[in-house]
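What follows is a short report on a single structure.
Residue numbering restarts at 1 for every chain, and letters A, B, ... go by the order of the sequence lines.
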Amino acid sequence: MINCILKPDFIKPVFLGAVIFAALAFLPSLVDSYYMSLAISIVSFAVLATAWSMFSGPTRYISLATVVFFGIGAYTVAVLGEVLPFPVVLVCAALAGTMLALLVGFSTLRLAGVYFVIFTFGLTELVRQVVSWYEVNVTREMGRYIFLDITQNDIYWQLLTLFAVLLLTGFILGRSRLGFALRIIGEDETVARHCGINVTRVKVALFVLSAVFMTLTGAIMAPRWTYIDPVIAFNPMLSFQVVIMALLGGPRRLLGPLLGVIPLTLLFEVLTANFPNHFSIMLGVTFMVIVYLLPGGVIGLYEKYRTPQKASPSNGHSKTEEKTA
Amino acid sequence: MQISSRLRLATLAAATTALMSTAALFGAQAQETYRIGYAISKTGPGAPGANTSTIPNYEMWAKEINDAGGLKVGDKMIPIEVVEYDDRSSSEEAVRAVERLINQDKVDFILSPWGTGLNLAVAPILDRAGYAHLAGTAVTDKAPQLAKRWTNSYWLLGTGEQYAVEMVKFLEQLKSDGKINDKVAMIAVADGFGIELSNAGRDALEERGFELVYDKTYPLGSQDLATIVNEIKSLGADTFVAFSYPPGTLGLTEQARVLQFNPKIFYAGVGTAFPLYKDRFGADAEGVVSLGGASETDPKIASYIERHVAFAGREPDRWASIVNWASLQSLQQAIERAGSTDREAVNAELAKGGFDTILGTYKPGDQNFWQVGQWQDGKFVGIAPTDMEGAHDLVFPKPDWKGAQ
C-alpha cells in the first residue's frame, strides 16, 4: 500500500487535484450568490454521481436508492441540527447512512439485474412511508424546520471538501486490491468467486462507502431549505437525475460522472431560465439528441477518438439498428 | 371541457408571456419598468394548487396594472415587467430560481412560490437580500415566530391552529344549542397541513367536551377512502371533520354520497372551496362546510370573481386566492404610496398597512378573512367568525345527498 502511494504516478495526479481544489475554494470571493448556488448544484451532483458510479460502475448494479441516503442525511440534520454541533451531526448522518446501507446491502446484493433496480426504487417509497408513519404517529408533526446559521458559502466549502475526499478515496480504491476485486466482479462474478473473492462482502463494502457520501451530501444540503418533509427529502427525481448524469459522463472511470454532471446541470439551468414554460419538452428533445449523438457517453466519445479502430464497428452497428427500428 | 379550458388558459398564458417579452424587448430602452419576479410550481405535485390559487392572480394582476398604463409612481406611470420561472415543485429549484431573480435578473420585487415548504425554503434568501416576502400559500403554526425572524415576511394564511379552533368554537355553540351530539369523527391527511390542523382540532375538541369517536390519518394522494367512510358511518357521530387535501376531499365527498353517509355537519378540507368542487357535485355541494369563504354580496369581491372568470376562464377559489389578491392590491398601493420603486421605501409602506383591498382595510398578515365557510345556493359563503360583518347563518342540518341514490 505504502509502496503504491509513493509512486510518482500517484503523487502527480493527487498534487494536481489538490491545486485545483485549492483554487476552487476561492470561488466565493469571485462570483455573486447566484453563481454560488449554481456551483453548489454542480458540486452536490458531482458528489452524488461519482459516489453512485463508485458502486454501480464496476458492479453494473443500477441503484435508484440515491435519494434514500440523501434524505436520511437531510433528516439527521433536521432531527439533531439544533441539539448537537454540526460536525457531530455529520458524523451521526454518516453512521445512519452506514447502518442503512449495511442492512440493505446484506439483504439485497444477492439480487441481480432488474430485481435490484426495482428493489432500490421501492426502497425510496418504503423509507418515505416509514418516516411519514413515524412523524404522524409518534412526533405528531409532519414538517421539520432547520434553523441553522450555515451560509451558502459554508455549504459550498463543505461539499467541495467532501468531493475532494471522495475523489481521493476513489483514486486509492482504483489502485487497491479491493478495487481490483471489484473489477473482476464486474467482468464476471463466477470467475471472481473462483479466484477466492468474497463477492458479497466486497459489494457490500462498496455499497456502504458510496452510501456514506450520499448521506453526507444530504446532510450538508439540508440547511439550505429551512423546511423538510418526507416528500421534499425523498424526491425520487433526484435518483433518476444522478443516474442520467453518471451515464452521460461514463460511470466506469473516476472522473467520468463529472463530465456528465457539468454539462447537464448547466443545461438544466439554461432550460429553466429561458424556457420556463417548455422545460420538460426541451429536456426531452435534448435527451434524444444526446442519445443519438453520444450513445457511449462523453467518456465513450473520448475513447472512440483514442482507439478509433475499436469503437467504430460497434458504433456503426448501433446506427443500423436504429435505422431498422 | 376541463381540458379545453386548461388549453385556453395555457394559450392565453403563452400569448401573454410572448406579448410581454416582445414588449420588454422593444420597451427596454424606451422606458423604465418595475420588474416583478416569481418562481412557481408550473409542473410537479404543487402545480394543481399553484394553478388554482396563485398563477392566475399573478398574471391577472400584472395585466390589469399594465392595461391601466402601469403603476403610478410619483407623476410617472411605470409598467410592470414579469420574469417567471418554474420551480418544478422542488425546494432546491425554488432556492436557485430566487437567487437567479435577485442576482441575475435584479428584479424589484419577488412574489411568493406555492406551498409551505417552498415558501420556507426561499424565506431566508429573500430576507438576506432585503426583499419583502408575501407568503401567500403557507399554513404553519410557526407563522408568528417566522414573521419575527424575517421582519419583512408576511404569512398571509396564518396558522393551522386558527382554522381548527374557529371551527371547534362554532361546533361548541351548536352543541350547547342541542343541535348536535358530542360525538365527532375526525380524519386528516398525513401531511404538514393535515397534521397541524388535526393536532389543534383534537385539543380544542377535547377541551370543549367533545368525544372523538374516530381519529386517524390517511396517506397523501389517497382517494379511495370508502373503508374509512363506512367505518365512521356506524359510529353515530353528528359531526364529521376531514382535514383533507384536494384529492382526498373529492374522494371523501364522492364516497360519502355513494354510501349515503350524511352527518349533520360535513366538514371537508382544502379543495372544498375550489370552484371545481361545485362543478363536480352540483347541488350536492349544498351544506358542505370547509375553511375559507367569501362575502360574494360585497361588490368588490363580486367584481374580483367576475374579472377572474373573464381572465382565467374559471372562478377563483374562495380562500387563498382572495387573500393573495388582497396582498397584491396591497403591494400596488404600497409602491404608489411610497412614490418610488426603491425597495426599502416600498417595504416600509407594506409594513404600515392600511390598504384598501377586497378584504377591506388590510395589512398583509391580517387574519380578517373567513375561517369557516359553507356552500349555500352555489356560493361558498363565510359563516365564522360569527361576529364578522356579513356572516351567513349555517344551513343546518346538512341536506340529504341527492346525486347518487
Counting only heavy atoms closer than 4.5 Å, note whether A:Met36 contacts chain B via side chain, backbone, both or neither.
-> neither
Side chain, backbone, both or neither: which part of A:Ser132 has a non-hydrogen atom closer than 4.5 Å to chain B?
-> neither
Candidate list B:Val189, B:Ile195, B:Asp191, test side chain to side chain contact (heavy atoms under 4.5 Å, CB included), partner A:Val136, passing option = B:Ile195
Nearest non-hydrogen partners of B:Ala190 and A:Met142, listed with the distance | O-CE, 3.1 Å
Closest approach of A:Ser33 to B:Asn103 (non-hydrogen atoms, all atoms of both residues) | OG-ND2, 2.7 Å
Would A:Thr272 and B:Arg96 count as a side-chain contact (heavy atoms from CB on, under 4.5 Å) if you check the C-alpha gap in whole Å, the side-chain angles of each, and the deciding distance to 0.1 Å?
-> CA-CA 10 Å; A:Thr272 316; B:Arg96 288 250 301 288; 5.9 Å; no
Given side-chain contact (heavy atoms from CB on, under 4.5 Å), test A:Tyr227 with B:Thr140 step by step and report yes or no.
-> CA-CA 11 Å; A:Tyr227 174 92; B:Thr140 157; over 6 Å; no
Should we count [atom1] of [X] as having more than 12 external heavy atoms under 6.0 Å?
| X | atom1 | result |
| --- | --- | --- |
| A:Tyr35 | OH | no |
| A:Phe121 | CZ | no |
| A:Glu269 | CD | yes |

Hey, are the side chains of [X] and [Y] touching, using non-hydrogen atoms and a 4.5 Å cut-off?
| X | Y | answer |
| --- | --- | --- |
| A:Met237 | B:Arg88 | no |
| B:Glu99 | A:Leu38 | no |
| A:Phe147 | B:Arg149 | yes |
| B:Gln104 | A:Asp32 | yes |
| B:Ile125 | A:Gln152 | no |
| B:Ile102 | A:Tyr34 | no |
| B:Glu196 | A:Arg140 | no |
| A:Phe275 | B:Asp86 | no |

Using non-hydrogen atoms only, which part of [X] is less than 4.5 Å away from chain A: side chain, backbone, both, or neither?
| X | value |
| --- | --- |
| B:Glu92 | both |
| B:Leu146 | side chain |
| B:Leu120 | both |
| B:Arg128 | neither |

Hey, mind stepping through A:Trp225 and B:Val95 against side-chain contact (heavy atoms from CB on, under 4.5 Å) and telling me if it holds?
-> CA-CA 8 Å; A:Trp225 304 333; B:Val95 166; 4.2 Å; yes
Could you grab the distance from atom OG of B:Ser91 to atom CG of A:Asp229, nearest 0.5 Å is fine?
-> 8.0 Å
Could you give the distance from CG (B:Asn119) to OG1 (A:Thr226), rounded to the nearest 0.5 Å?
-> 11.0 Å
